[in-house]
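Worksheet: one structure, shown below.
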Amino acid sequence: DQQVKQNSPSLSVQEGRISILNCDYTNSMFDYFLWYKKYPAEGPTFLISISSIKDKNEDGRFTVFLNKSAKHLSLHIVPSQPGDSAVYFCAAATGTASKLTFGTGTRLQVTL
Amino acid sequence: DTAVSQTPKYLVTQMGNDKSIKCEQNLGHDTMYWYKQDSKKFLKIMFSYNNKELIINETVPNRFSPKSPDKAHLNLHINSLELGDSAVYFCASSQISPTEAFFGQGTRLTVV
């Protein structure tokens, strides 16, 4: 039973354009959401997070949007750069649980 | 000065063997984790330790035994290795909440 889903396994975007990565969740107890970025042969690195009390969080080129009623979040990267090419994992947590539940990842390819 | 380091990076071993993966973090975090990324790229938590105490054990076979000699180290011992244990194992650490966990580079275990 996958509680965090990333339905797009891959996404290709031109450099300079916006990349939008989507994530859906089923567990209404999740109250904290994170995005991780992973390069090959490396561990995931934290990118940005959002608490369920907010609907938007912005950090430079990265913005995460949360729609609690739809149980959906998205990561916007603008403008996209070739160095953004990586696998992006969505993750969720509850305030009392000491673990992250990950989606299956979306591979982003930013082309020149 | 790697934040979370795990060794070895690659491990190839025969079925039935016993092996260990070591993990150390120098971030002063209270909580450490082991995650497993299988061939389908699912990244799932296996164990979580807080100040050397086991707090999460996600229905992992008891052939897997984590050991935490101190809060900066969490090692993973695997007995009687099976083909299905082949995966990438990631160590991670965080402060007491699960947010913004820092991951090691991963250990690719191949059982032949």
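Note that the structure is a prediction, hence the values are computed from the model and not measured.
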Which atoms of B:Lys44 come close to chain A, meaning under 4.5 Å heavy atom to heavy atom: side chain ones, backbone ones, both, or neither?
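Interface part for B:Lys44: neither.
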What part of B:Glu58 gets within 4.5 angstrom of chain A, counting heavy atoms only: side chain, backbone, both, or neither?
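The answer is the side chain of B:Glu58.
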Is there a chain of hydrophobic side chains (I, L, V, M, F, W, Y, each step under 4.5 Å between heavy atoms) that links A:Val78 to A:Leu75?
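No; tracing contacts between hydrophobic side chains, which count when under 4.5 Å, never links both residues.
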Backbone N or O of A:Leu100 within a donor-acceptor pair of the B:Tyr33 side chain at under 3.5 Å?
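Checking the backbone N and O of A:Leu100 against the side chain of B:Tyr33, no donor-acceptor pair under 3.5 Å is found.
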Look up atom CZ in B:Phe42 and atom CD in A:Gln2, then write down how far apart they are to the nearest 0.5 Å.
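Taking CZ in B:Phe42 and CD in A:Gln2, the distance rounds to 4.5 Å.
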Which answer fits A:Phe89, side chain, backbone, both or neither, if we ask what part of it has an atom under 4.5 Å from a heavy atom of chain B?
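Side chain only.
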Can you tell which part of A:Ser49 gets under 4.5 Å to a heavy atom of chain B, answering side chain, backbone, both or neither?
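The side chain, not the backbone.
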Side chains of B:Phe103 and A:Tyr36 in contact at under 4.5 Å (non-hydrogen atoms)
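Sidechains of A:Tyr36 and B:Phe103: in contact.
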Under 4.5 Å between any side-chain heavy atoms of A:Lys38 and B:Gln37, yes or no?
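In contact.
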Taking all non-hydrogen atoms of both residues, which atom of A:Gly43 and which atom of B:Phe90 are closest, and how far apart?
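Between these two residues, the closest heavy atoms are CA-CE2, 3.5 Å.
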Can you see which heavy atom on A:Leu34 is nearest to which on B:Glu100, and at what distance?
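Smallest interatomic distance, heavy atoms only, reads CD2-N, 3.2 Å.
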Closest-packed option against chain B by number of heavy-atom pairs under 4.5 Å, given A:Thr45, A:Thr101, A:Val87, A:Thr104:
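It is A:Thr104.
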What about A:Phe102 and B:Tyr35, are their ring centers closer than 6.0 Å?
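Yes.
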For A:Arg17, is the CZ atom crowded, meaning more than 12 foreign heavy atoms sit under 6.0 Å from it?
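Atom CZ in A:Arg17 is not crowded, with 12 or fewer foreign heavy atoms closer than 6.0 Å.
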Are more than 12 heavy atoms, taken from residues, nucleotides or ligands other than A:Lys68, located less than 6.0 Å from that residue's NZ atom?
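Atom NZ in A:Lys68 is packed in, count exceeds 12.
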